[in-house]
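For reference, the structure discussed in these notes is given below.
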2 protein chains.
Amino acid sequence: MSDAPVLDLATIRHGCAHCSLQQLCLPAGINPTELQQLDDIVRRRRPVARGERLYRPGDALTAVYVARDGAFKTVSISEEGEEQVVGFHLPGELIGLDALGAGTHRCEAVALTTANVCEVPFDQLATIAAQLPSLQHQLLRVIGQSVGRDQDHLGMLVRRQAGERIALFLHGLSERYRNIGQSATQFKLPMSREDIAHYLGLALETVSRGFTRLQEEGVIELAGRRVDIRNPAELNRLAHSAEHEEPRRSARA
Amino acid sequence: MSDAPVLDLATIRHGCAHCSLQQLCLPAGINPTELQQLDDIVRRRRPVARGERLYRPGDALTAVYVARDGAFKTVSISEEGEEQVVGFHLPGELIGLDALGAGTHRCEAVALTTANVCEVPFDQLATIAAQLPSLQHQLLRVIGQSVGRDQDHLGMLVRRQAGERIALFLHGLSERYRNIGQSATQFKLPMSREDIAHYLGLALETVSRGFTRLQEEGVIELAGRRVDIRNPAELNRLAHSAEHEEPRRSARA
DNA sequence: CGGGCCTTTGACGCTTCTCAACGACAGTGG
DNA sequence: CCACTGTCGTTGAGAAGCGTCAAAGGCCCG
């Protein structure tokens, strides 16, 4: 009783003011006194276990969520029971916006790893956002960024072939890790090949083959879910230009 | 000079209070006195010609737009110059949210037909939304609906084959026309086959073949861009279940 | 009435899906 | 400590859907 896990308490006690994600999350750009108001409504939850859900399809919109660490996927289930992965969510990226339209969630949000999550009651967030222009502004910005990621996602799916989608996926993930201050070249994929397939609109075998091919070409090094990007320039090239083009002589020519 | 086109003036003078889209647009659910505040900032523009753009990629976010009639597409251009149609926008659906994240537009918004547009200066909208909780609420709702349409779009692209995507597209369009009080079974497509292809992630020839096939099966009647949905139940079935399944005996069995 | 754009249709090749089996790895229990 | 079992990932072979190229027909607008 007297000694709960040290790390958890430390994390939980720290408010937004001490959070390393502060500048990427809702608090970005709002001043200290305003921050306190936001902080007051944020609930910091105990770790969420891998596979746990923050909400399910049909649940009423009660809160939006942000992971402080770990990763989530949001999934919509088609009528035939097939999973469609709508998005992956790294620390600092808002989760739960799928309920903004109808007031109930369209997706479910599943933890891909053990994760610590901040829960922001939505009504209260809307209320104080109305009082704090900078928070309102930031809320819209964060929503907009989420829309932007969805559009990037769309861009991966339309008229791109498998290898290109996979390069784009790795490249995007790499950028997002860089953004939150982690290594952009070495990381562990929090999601399975199947999740990636359902995200990219491919068969999981195709994803696996694509990874293998990138490894054979020396672009990445794979060990299960560990990825090491050996040739970021080439990955970038594969992601942004047609694949059939022959490899360039020099990296930047 | 003294007599401008009658219809335009009539439309322009009518404020939100007299607009048939009132309940689908930003004013939904807000009271008459509040409506006036919103109305005061809305600029109603002269008709926009087919092919005209409301904004281009890189433009600063100055306003969001709603068509009162006509239709728009939002397009993002890939580095290779290929068009990707991000969305189609019917009357009452907000246009311009792609700039929420970064403050500059990612897409361009092109009129597919001659159209009348309301332009809502974004800063002013944010300001009065902070003062009017019901408007703030509705703004978030409308943004959420837009996110929802994007997710529906995503759902069309992932692991669905051509015929299914096309059925889904027609079905969704039909629903949206119904929503704005137009016929759900007979309408003129405002966009070209190529636009549809770029929206569905298919080759335009594949779209054309898909339409032809639906016509051969008696599901729709085609005459250029005029569509008549003869068998909505079957269209619905094609859109929501696997295509390979043999046709059902009765409509609801 | 002419021109250009949009749409349709055909034939062929390739990417990717499907089905199937095997291999790697981690957690579990003996 | 090791065998066991289930999940996950890899690899192979064959089929099929779709993209590509090509050409002709139709519609709208000037």
Side-chain angles (χ1 to χ4, degrees), chain A residues 49-51 73 80 82-85 110 112-114 156-170 188-216 220-227 238 242-245, chain B residues 49-51 73 80 82-85 110 112-114 156-167 169-170 188-217 220-227 238 242-245:
Chain A
R50 178 163 177 264
K73 64 174 176 182
E80 302 98 62
E82 286 171 14
E83 281 203 358
Q84 148 69 1
V85 175
V110 186
L112 293 168
T113 62
T114 305
M156 292 187 208
L157 296 179
V158 172
R159 298 276 277 160
R160 300 205 122 90
Q161 42 194 56
E164 217 172 333
R165 294 187 202 187
I166 292 166
L168 230 22
F169 169 71
L170 283 174
K188 181 160 184 259
L189 297 171
M191 71 294 279
S192 69
R193 301 287 191 271
E194 188 174 18
D195 287 334
I196 299 173
H198 287 153
Y199 179 75
L200 294 179
L202 299 170
L204 73 88
E205 295 94 328
T206 307
V207 172
S208 181
R209 282 187 248 264
F211 277 172
T212 303
R213 182 131 188 271
L214 283 175
Q215 181 163 228
E216 286 169 356
I220 63 174
E221 196 78 35
L222 270 180
R225 294 195 181 179
R226 286 229 68 86
V227 180
L238 290 173
E243 235 176 294
H244 345 292
E245 298 176 15
Chain B
R50 178 164 178 263
K73 64 175 175 181
E80 302 96 61
E82 287 171 12
E83 281 203 358
Q84 148 68 2
V85 175
V110 186
L112 293 168
T113 62
T114 305
M156 291 186 209
L157 297 179
V158 172
R159 298 276 279 161
R160 299 206 124 91
Q161 40 194 57
E164 219 172 331
R165 295 187 200 186
I166 292 166
F169 169 72
L170 283 174
K188 181 160 184 258
L189 297 172
M191 71 294 279
S192 70
R193 300 288 191 269
E194 189 173 19
D195 287 333
I196 299 173
H198 287 154
Y199 180 75
L200 294 179
L202 298 169
L204 74 88
E205 295 94 328
T206 306
V207 172
S208 181
R209 281 186 250 266
F211 277 171
T212 303
R213 183 132 188 271
L214 283 175
Q215 181 162 229
E216 285 168 356
E217 289 169 349
I220 63 175
E221 196 78 35
L222 271 178
R225 295 196 181 178
R226 287 229 66 87
V227 180
L238 290 173
E243 237 178 291
H244 345 293
E245 297 176 17

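- R50(B) places its CZ atom 8 Å from the P atom of dC29(D), with the value rounded to the nearest Å.
- You'll find the side chain of F211(A) reaches within 4.5 Å of the side chain of L170(A), heavy atoms only.
- Rounded to whole Å, atom P of dT15(C) lies 14 Å from atom CD1 of I166(A).
- The CD atom of E82(B) lies 7.0 Å from the CZ atom of R160(A); values are rounded to the nearest 0.5 Å.
- Listed here is the closest heavy atom pair of G51(B) and V110(B): O-CG1, 3.7 Å.
- Here dT16(C) presents its P atom at 17 Å from NE2 of H198(A), a figure rounded to the nearest Å.
- When the C1' atom of dG19(D) is taken as reference, atom CD of E164(A) falls 14 Å away, rounded to whole Å.
- With a 6.0 Å radius and a threshold of 12 heavy atoms from other residues, nucleotides or ligands, R225(A) has its CZ atom above the threshold.
- Taking CD from Q161(A) and CG from L202(A), the interatomic distance works out to 10.5 Å, rounded to the nearest 0.5 Å.
- Under the side chain to side chain contact (heavy atoms under 4.5 Å, CB included) criterion, R209(A) pairs with E205(A), not counting sequence neighbours.
- Atom CZ of R226(A) is separated from atom P of dC8(D) by 19 Å (rounded to the nearest Å).
- Comparing the axis of the opening five pairs of the helix from dC1(C)-dG30(D) to dG30(C)-dC1(D) with that of the closing five pairs yields an angle of 40°, rounded to 10°.
- Considering all non-hydrogen atoms of both residues, T113(A) and P190(A) come closest at CG2-CB, 3.9 Å.
- G201(B) and L157(B) get closest at one heavy-atom pair: N-CD2, 4.0 Å.
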Response to the item:
Each nucleotide of nucleotides 9-18 of chain D classed B (base within 4.0 Å of a protein heavy atom), S (only sugar-phosphate) or -, in 5' to 3' order, makes SBBBB----S
